[in-house]
Amino acid sequence: MGETQLPVSPHVLIFPFPAQGHVNSMLKLAELLCLSGFKITYLVPKNIHQRLLLHTNIESRFSQYQGFCLQSLPDGIYEGSVSTGDDVVKLCDSLNSVAVPFLRELLTPKSDWNNTKSPITTIIADGIFSVVIDFAQEIGVPILYFRTISACAFWAYFSIHELIEAGEIPFSGNDMDLAIKKVKGMEAYLRGRDLPSFCRATDIGNPILKILSKETRETARANGLIMNTFDDLEGPILSQIQIHCPNIYTIGPLHAHLKSRLAAANSNSAPNTSSNSLWAEDRNCIQWLDQQPSKSVLYVSFGSHAVVTKEQLMEFWQGLVNSGVKFLWVIRPDSIVDQNDEEGKSKSIQEELEAATKERGYMVGWAPQEQVLAHPAVGGFWTHSGWNSTLESIMEGVPMICWPYFADQQTNSRFVGEVWKIGLDMKDTCDKVIVEKMIRELMVIKKDEFLKTANEIAKLGRKSIEQDGSSYCNLDRLIQDIRLMSNPEQ
Ligand SMILES: O=c1ccn([C@@H]2O[C@H](COP(=O)(O)OP(=O)(O)O[C@H]3O[C@H](CO)[C@@H](O)[C@H](O)[C@H]3O)[C@@H](O)[C@H]2O)c(=O)[nH]1
Ligand SMILES: C[C@H]1CC[C@@H]2C(C(=O)O)=CO[C@@H](O)[C@@H]21
């Protein structure tokens, strides 16, 4: 009589690019998979590991799931700021050289780690780590990619090859408004200035342009592509991507999807906060918001990489104050660039602004953003158009002013302004006069119009994560596929 084998329990290794926007969404996915009983090993550099322990409730949150392990990478990974293409290259290079040898040692059948844990049955790697595809194929473990950006930005990156071939990049003149024709499906509205910022390089040998173009093309080699978006938002672009990467799981917006699945698992009681912040959140701003009228406050935040000069900061501040609209402004401690040599001076500028702002606004170093955007007093979001921020704003029906800083943000902001029509794209030139004009347009002159469209899209987003919605079904399919990967014979 043959022995019946017990099904192997899925154990997923999740490996995000070590930056706030990536760690955040991939940790939300980790928790969703934990809810299905999967074991998860979540791999981050030591500095990110420490910051998660310091600023979030990750330990208590994940203690309810058996088999969640926050695993540190060894030393040798670039820990400096990531605000330019060169910084990104340094970080990618260090990860590529440290991570694979470490994984090889960790996952070797004889390692102590492997003997105390069950074997890894699937790897989910950030969609810019093709070295991990090579490694996964070498050890025979299925690999899924998770690209944390929008489908529209992904598709623009994917098309860099065609853009170069057609001579659309590098740009031949100074006209950034010239229509771009070689990103299929976006011919009607994409201009040079809307391509991911690294496409502005004057030389096709530019390292970050080469890396992101190559890494994006490699996606087709993974067993599937997970995306934090929903079909009703980016359907036509997803169809373009699907021609090259047929197995796509659109399961977003992940922050809202996790909230709703946690509520269902806990019989609808409000879930604990799932903050994944790498900075300490200043929660006092919620009390300040409680005192403001409905939809009256503009929330201002530029995410985790953007930096501004002192001059830019002053222009922004004057535009904000002149608009007459109240604001809640996040100024990250490390976000003013000329701080290094004159730290005392910049600090005093920040303090000066804070003192002068008391009448009209409130400033914090880092906010509980999801809660802020859900607050009834918030009527607009001046954002850098990072993809998590964009999705969080969309789900709360909050219209946006976009000031894209780098990478995918240039493309996201075009979609917000021109395709979804839920905000204004303020890219490239933004002095105090433009800032004031944009704020008044969003928060006063066209307020009702923007709120109406934003609410319509928010409704579609909510529908996608309800039972039988597209993202809900795709997450179930992903869970099912990971189970099958663990038990290929069944
Ligand atoms: O005061 C703050 C500011 C931000 N956040 C959170 O931090 C995250 C920021 O993510 P995102 O809006 O995506 O911006 P970045 O941190 O800049 O994200 C990087 O990663 C994203 C996903 O790949 C890209 O879209 C961006 O361009 C890239 O800069 C969001 O979840 C916010 O809720 C806070 O909790 N408090
Ligand atoms: C620092 C940025 C370079 C590329 C990464 C990215 C992507 O997936 O293309 C998006 O935003 C960033 O955090 C990364």
Side-chain angles (χ1 to χ4, degrees), residues 16-28 55-56 78 81-92 95 125-129 145-158 160 196-199 207-209 211-216 219 227-229 252-256 258 273-283 285 299-307 328-333 335 363-374 381 383-396 400 402-413:
F17 181 79
Q20 177 72 77
H22 302 242
V23 168
N24 187 15
S25 48
M26 290 180 80
L27 205 42
K28 304 238 168 184
H55 301 306
T56 73
Y78 172 77
S81 89
V82 182
S83 54
T84 65
D86 288 348
D87 299 339
V88 181
V89 175
K90 276 186 232 159
L91 182 51
C92 288
L95 281 160
D126 202 299
I128 54 174
F129 291 155
Y145 249 11
F146 183 153
R147 193 66 182 266
T148 54
I149 55 177
S150 59
C152 57
F154 175 92
W155 182 233
Y157 275 129
F158 201 96
I160 288 175
S197 65
F198 303 124
C199 296
I208 185 64
L209 182 69
I211 290 179
L212 289 175
S213 167
K214 174 184 171 287
E215 290 297 330
T216 308
T219 309
M227 298 208 86
N228 187 11
T229 189
L254 274 166
H255 71 287
L258 174 61
T273 158
S274 299
S275 156
N276 297 327
S277 282
L278 300 178
W279 283 266
E281 289 175 351
D282 181 342
R283 308 191 72 80
C285 58
Y299 171 59
V300 186
S301 166
F302 306 135
S304 58
H305 298 284
V307 290
L328 166 60
W329 191 359
V330 177
I331 304 190
R332 257 184 15 251
S335 68
M363 284 180 177
V364 290
W366 193 253
Q369 182 167 302
E370 284 182 40
Q371 224 182 313
V372 165
L373 285 167
F381 181 12
T383 171
H384 68 310
S385 298
W387 188 234
N388 294 288
S389 294
T390 307
L391 285 174
E392 289 158 14
S393 208
I394 284 178
M395 287 307 275
E396 298 302 337
M400 288 165 262
C402 304
W403 177 69
Y405 174 74
F406 76 176
D408 56 316
Q409 298 156 17
Q410 267 74 12
T411 312
N412 300 339
S413 59

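In listed order, ligands and their atoms are each counted from 1. Quick caveat, the model's predicted, so the values are computed rather than measured. Both backbone and side-chain heavy atoms feed into the values below; hydrogens, waters and symmetry mates do not.
- Applying the side-chain hydrogen bond (donor to acceptor under 3.5 Å, both in side chains) criterion to S389, with sequence neighbours excluded, gives Q369.
- Of the inter-residue distances, the one linking N412 atom CG with I149 atom CD1 reads 8.0 Å to the nearest 0.5 angstrom.
- Protein residues having at least one heavy atom under 4.0 Å from any atom of ligand 1 are Q20, G21, H22, N24, T148, I149, S277, Y299, S301, S304, H305, V330, W366, A367, Q369, H384, G386, W387, N388, S389, E392, F406, D408, Q409, listed by chain and number.
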> Stepwise, does the side chain to side chain contact (heavy atoms under 4.5 Å, CB included) test hold for T383 with Y299?
Replying inline: CA-CA 8 Å; T383 171; Y299 171 59; over 6 Å; no
> Going through the distances and angles, do T216 and R147 end up as a side chain to side chain contact (heavy atoms under 4.5 Å, CB included)?
Replying inline: CA-CA 9 Å; T216 308; R147 193 66 182 266; 3.1 Å; yes
>> Test side chain to side chain contact (heavy atoms under 4.5 Å, CB included) on N228 and F146; report intermediate values, then the result.
In response: CA-CA 8 Å; N228 187 11; F146 183 153; 4.2 Å; yes
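- Shown here are the side-chain hydrogen bond (donor to acceptor under 3.5 Å, both in side chains) partners of D126, two or more places apart in sequence or in another chain: H22.
- Ring centers of F406 and F198: under 6.0 Å apart, within the cut-off.
- For the pair R332 and V307, the minimum side-chain heavy-atom distance is below 4.5 Å.
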Could you list each N/O atom of ligand 2 together with any protein N/O atom closer than 3.5 Å, one pair per line with the distance?
from	atom 1	to	atom 2	distance (Å)
ligand 2	8 (O)	R147	NE	2.9
ligand 2	9 (O)	R147	NH2	2.9
ligand 2	13 (O)	H22	NE2	2.7

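- Separation of atoms CZ (F158) and OG1 (T219) is listed at 6.5 Å; rounding is to 0.5 Å.
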